[in-house]
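The structure appears below as structure tokens.
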Protein chains: 2
Amino acid sequence: MSSRLDRVDLKILRLLQNNGRLSNAELAGTVAISPATCHRRTQRLFEDGFIAAVRAMVAPKKVAKGTLVMVGVVLDRSTPESFAIFEQAIAKLKFVLDCHLVAGDFDYFLKIRVGDMEDFNRIHGEQLIALPGVRQTRTFFVMKEVVDNAPLEF
Amino acid sequence: MSSRLDRVDLKILRLLQNNGRLSNAELAGTVAISPATCHRRTQRLFEDGFIAAVRAMVAPKKVAKGTLVMVGVVLDRSTPESFAIFEQAIAKLKFVLDCHLVAGDFDYFLKIRVGDMEDFNRIHGEQLIALPGVRQTRTFFVMKEVVDNAPLEF
DNA sequence: CTAATAGCGGAAGTATCTTCCATGTCGTCA
DNA sequence: TGACGACATGGAAGATACTTCCGCTATTAG
């Protein structure tokens with residue numbers, strides 16, 4: 001929490017969110033401060049945890065991960081132990097992009113990327129329903145990605 | 001689709017996915033090729049669209065967006081026109097991170113980031129249920145983010 | 001076997017990064 | 001009001017990295 005962000009910090013954050021490979025010189029120029037100051041500001045944003053990471057967004061279709069699936073999961077029992085075991089197991093499944101414990105008709109919501117439907121069916125049968133404590137799953141195939149992973153507005 | 005990715009390309013992609021600010025020299029050193037070759041490879045990965053963007057991941061809690069909500073949406077009518085109008089409208093809502101047309105009990109799934117529950121209630125009442133063609137929404141508050149936006153495995 | 005093509009790494013000029021330091025600004029306290 | 005302290009800023013400079021050019025090698029096709 002801690003330190004406040006002034007107008008300059010916000011500008012840097014937004015610029016790096018749009019293009020994480022901007023050079024310090026380019027940043028400084030756009031924000032209209034000296035490279036030295038910009039360097040210190042940016043460094044602080046990293047050190048203080050405002051920027052968790054900088055990631056290249058790999059185009060899913062280019063690497064045979066063009067199919068997106070949302071899955072609702074219901075567990076057998078709603079005990080803390082069941083949740084912990086489930087979460088531990090799902091962290092190992094690399095095709096799971098999101099896994100959120102939610103309030104409502106499901107216990108967890110998953111966002112999964114796979115190559116195609118056939119790929120998903122195999123994964124669903126071999127890995128998802130085999131997860132510890134899973135009573136049922138409900139699959140929502142994504143037919144159109146209207147907005148995917150939009151940058152955070154702040 | 002087009003051009004193939006060899007072992008070196010994959011390494012570069014994975015490294016940049018983990019740290020998008022790696023310098024060309026660091027990349028080259030890790031992948032064990034010359035800076036010149038590495039520069040050419042990386043440039044091609046961008047030009048050919050394998051890397052859609054490089055983004056700084058801003059920590060949501062640090063910028064008052066610590067509350068995550070999943071929302072299922074059902075429209076009044078399932079006509080192409082209804083879908084188009086809805087999608088056009090939702091693209092303007094900056095707090096919507098994901099919006100996917102799905103097959104199943106809902107028409108759309110939304111992933112939304114807001115400051116807190118109060119914030120969400122206001123947005124839900126003023127903006128979500130006011131979207132064109134919305135019959136009903138079902139809200140799933142996220143109580144725990146087990147995995148959020150994990151890097152793509154390929 | 002020869003030639004064409006594509007990819008590689010070395011080299012060098014240019015640009016950038018990163019640190020140090022002097023200067024300036026703001027707020028506090030005497 | 002004035003002096004002081006804490007902090008942030010920008011300039012400068014050595015070290016580093018970027019980007020392009022060019023010659024070399026390997027692979028493929030004829």
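Below, chains carry the letters A, B, ... as their sequence lines are ordered, and counting in each starts from 1.
Between the two ends of the helix from C:dC1-D:dG30 to C:dA30-D:dT1, each summarised by a five-pair axis, the helix axis turns through 20° (rounded to 10 degrees).
Think of the region where chain A sits on DNA chain D: with heavy atoms and a 4.0 Å cut, that region ends 5' and 3' at D:dT9 to D:dG11.
Counting heavy atoms of neighbouring residues, nucleotides and ligands inside a 6.0 Å radius, atom CZ of B:R138 does not exceed 12 of them. The neighbour count for A:E118 CD, taken as heavy atoms of other residues, nucleotides or ligands under 6.0 Å away, does not exceed 12. Other residues, nucleotides and ligands contribute at most 12 non-hydrogen atoms within 6.0 Å of the CD atom of B:Q88.
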Throw together a table of side-chain donor-acceptor distances under 3.5 angstrom for residues 144-154 of chain B, partners on residues two or more places apart or in other chains.
| from | atom 1 | to | atom 2 | distance (Å) |
| --- | --- | --- | --- | --- |
| B:K144 | NZ | A:E87 | OE1 | 2.6 |
| B:E145 | OE1 | B:R113 | NH2 | 3.0 |
| B:E145 | OE2 | B:R113 | NH1 | 3.4 |
| B:E145 | OE2 | B:R113 | NH2 | 3.2 |
| B:D148 | OD1 | A:H100 | NE2 | 3.3 |
| B:D148 | OD1 | B:K111 | NZ | 3.0 |
| B:D148 | OD2 | B:R113 | NH2 | 3.3 |
| B:N149 | OD1 | A:N149 | ND2 | 3.1 |
| B:N149 | ND2 | A:N149 | OD1 | 3.1 |

Could you give the side-chain donor-acceptor pairs of residues 27-37 of chain A under 3.5 Å, partners two or more places apart or in another chain?
| from | atom 1 | to | atom 2 | distance (Å) |
| --- | --- | --- | --- | --- |
| A:T30 | OG1 | A:E26 | O | 2.9 |
| A:S34 | OG | A:T37 | N | 3.2 |
| A:S34 | OG | A:T37 | OG1 | 3.2 |

- Reading 5' to 3' through nucleotides 7-26 of chain C, protein heavy-atom contacts under 4.0 Å coded B for base, S for sugar-phosphate only, - for none: -BBB------SBB-------
- Message: As a quick check of understanding, evaluate side-chain contact (heavy atoms from CB on, under 4.5 Å) for A:I129 and A:H124, giving each step before the final call.
- Response: CA-CA 6 Å; A:I129 61 179; A:H124 180 264; 3.6 Å; yes
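Judged purely by atom type and a 3.5 angstrom limit, A:D9 has no side-chain atom pairing as donor or acceptor with the backbone of A:L5.
Every pair passing ring pair (Phe, Tyr, Trp, His ring centres under 6.0 Å) that includes a residue from residues 60-83 of chain A is listed here, sequence neighbours excluded: A:F83-A:Y108.
Under a hydrophobic-cluster definition in which Ile, Leu, Val, Met, Phe, Trp and Tyr are linked whenever side-chain heavy atoms come within less than 4.5 Å, directly or via other members, A:M117 and A:L97 are assigned to different clusters.
Two rings, from A:F141 and A:F120, have their centers less than 6.0 Å apart.
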